[in-house]
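Throughout, a chain's letter reflects where its sequence line sits, starting with A, and its residues are numbered from 1.
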Protein chains: 2
Amino acid sequence: MPESPPRKRLRQSQFEQREAAILDATNRLLAGRGYDAMSMDDIAAEVGIAKGSLYKHFESKEALAAAVMVRLLTQTEAALSGLPQQTSAIDQLKALLRWTLHQRLAGGVPHLPSTSPALQQALFASRSYMDQLTRLSDQIGAVILQARAHGSLHAHLRDEFVLYTLYARTCDPTLDFLKAGGSMDDEAIVEQIVAGCFHGLAA
Amino acid sequence: MPESPPRKRLRQSQFEQREAAILDATNRLLAGRGYDAMSMDDIAAEVGIAKGSLYKHFESKEALAAAVMVRLLTQTEAALSGLPQQTSAIDQLKALLRWTLHQRLAGGVPHLPSTSPALQQALFASRSYMDQLTRLSDQIGAVILQARAHGSLHAHLRDEFVLYTLYARTCDPTLDFLKAGGSMDDEAIVEQIVAGCFHGLAA
DNA sequence: GTCTATACTGAGATAGAC
DNA sequence: GTCTATCTCAGTATAGAC
């Protein structure tokens, strides 16, 4: 690829910076109020631009939300790939869950759009979202198969159940209630959830 | 209390029947589309009455949804109380979870309104809902303490974590995904979730 | 108490000047 | 590309006749 002239590079960079700012603002509002309660006016105000300008970047509220979710899935894939090579399969799954829980506690969006049927429908209709979700699920699925081969997972639990359960823990309201309770710090919350997920409630 | 005259009894009965029909219709729509996507027009159409008439029974959409949720919590309390006397504490918790999962598979509403921040806010502001939720939570909490005394729960998991986890499993999207997958029947889905919840993913 | 008709509001999306 | 102003529509809630 030939290098772009400096002027154009600069302009493009500003455009991309603003787009990132829009995604960040949407991410905050999405995590805070949820998809339905978040209006395009709110997003514009949060970014500090006019509402009309949003539509020069994203053609609809749905497309904007989908872009946020695609970015999150991409980051999650990178986090999984970035784990130390020697990590065992089951520990990779635990580490992945820990990473997503910390993301949420830091104000992130749940991986599953289960808080809004409207959003869920929009995402499932989005090509880019479904592609990225498939990529990530394939990668996690491979780790699950490894863990299975090592005998690290309960034999009577299906692979699909394990995969869905990991996704579901990322949007588990238990996290919000514990956080709201205020009697545990973030680290303790994450460890309770990871322990509960992998070892269960029963002794 | 003195007995009402027959005429009045009849009229009251009709009124209550209609009210029950409204609650049933709302329950269906709530479970199907979720709170935000469900309009008062939809409810009226589902019941077969005019929208204006709804407001003679419930003063707002929020109050109507709260009434549905209170009914569900009351039924849940009854289900817990109705378990055989000799059931052990841990088995009572498992039975309760099974009951709620079967309710959802039969088209019921999740116990936690985590699918809509708007609904959640409305419910937490509702006196009757919070009262009933407290009653039920106290009752479940007592069973958790029994199970704890028997050493049936992991020692490092907090009581509040156990309680929230049980509530959270009733709105777990894993159930919806497994149901949508179509490769498992209802009984198998329930057993995977109960096993996963109490015994964890790890072998 | 039930109906039809309507007021009012919030929000997604667009138009047109600069 | 960004702004202000506006269109359009859905949805909650209410008014008024019967």
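Looking at B/Ser183 and A/Glu160, their side chains do bring a donor and an acceptor atom within 3.5 Å of each other. Side-chain contact, A/Gln132 with A/Glu77: a donor N or O sits under 3.5 Å from an acceptor N or O.
Counting only heavy atoms from C-beta on, A/Ser39 has its side chain closest to C/dA11 among C/dA11, C/dG1, D/dC3. In the set C/dA11, C/dA13, D/dG1, the nucleotide with an atom closest to the side chain of A/Phe15 is D/dG1. Of the listed nucleotides (D/dT4, C/dC3, D/dT12), C/dC3 has the atom at the smallest distance from the side chain of B/Ile49. Between D/dT2, C/dT2, D/dA13, one nucleotide has an atom nearer to the side chain of B/Lys56 than all others, and that is C/dT2. Each of D/dC3, D/dA13, C/dG12 was ranked by its minimum atom distance to the side chain of B/Lys61; first place goes to D/dA13.
Rounded to an integer number of Å, the gap from CG of A/Leu29 to C1' of C/dG12 is 16 Å. The CD atom of A/Glu19 sits 13 Å away from the C1' atom of D/dG1 (whole-angstrom rounding). With rounding to whole Å, A/Lys51 atom NZ is found 9 Å from C/dG10 atom C1'. Rounding to whole angstrom units, CE of residue B/Met40 and C1' of C/dT4 are separated by 17 Å. Distance CE (B/Met38) to P (D/dA10): 18 Å, rounded to an integer number of Å. Distance B/Gln17 CD to C/dT2 C1': 17 Å, rounded to the nearest Å. Look at CG on B/Asp41: it is 9 Å from C1' on D/dA10, rounded to the nearest Å. Going from atom CG of B/Leu64 over to atom P of D/dT12 covers 11 Å, rounded to whole Å.
The phosphate of D/dC3 has OP1 or OP2 within less than 4.0 Å of a side-chain N or O from A/Ser53. Between B/His57 and C/dT2 there is a side-chain polar atom (N or O) within less than 4.0 angstrom of OP1 or OP2. For A/Arg18, no side-chain nitrogen or oxygen approaches OP1 or OP2 of D/dG1 to under 4.0 Å.
Ring geometry for B/Tyr164 against A/Phe177 counts as tilted: the plane angle lies between 30° and 60°, on a 0 to 90° scale.
In terms of position along DNA chain C, the nucleotide closest to A/Asp42 lies nearer the 5' end than the nucleotide closest to the other residue of the pair A/Glu59 and A/Asp42.
Figure legend: A/Lys56 and A/Phe15 shown without cation-pi pairing, the cationic atom not lying both under 6.0 angstrom from the six-membered ring centre and within 45 degrees of its axis.
A salt bridge does not link B/Arg28 to B/Asp24: none of the charged nitrogens lies less than 4.0 Å from a carboxylate oxygen.
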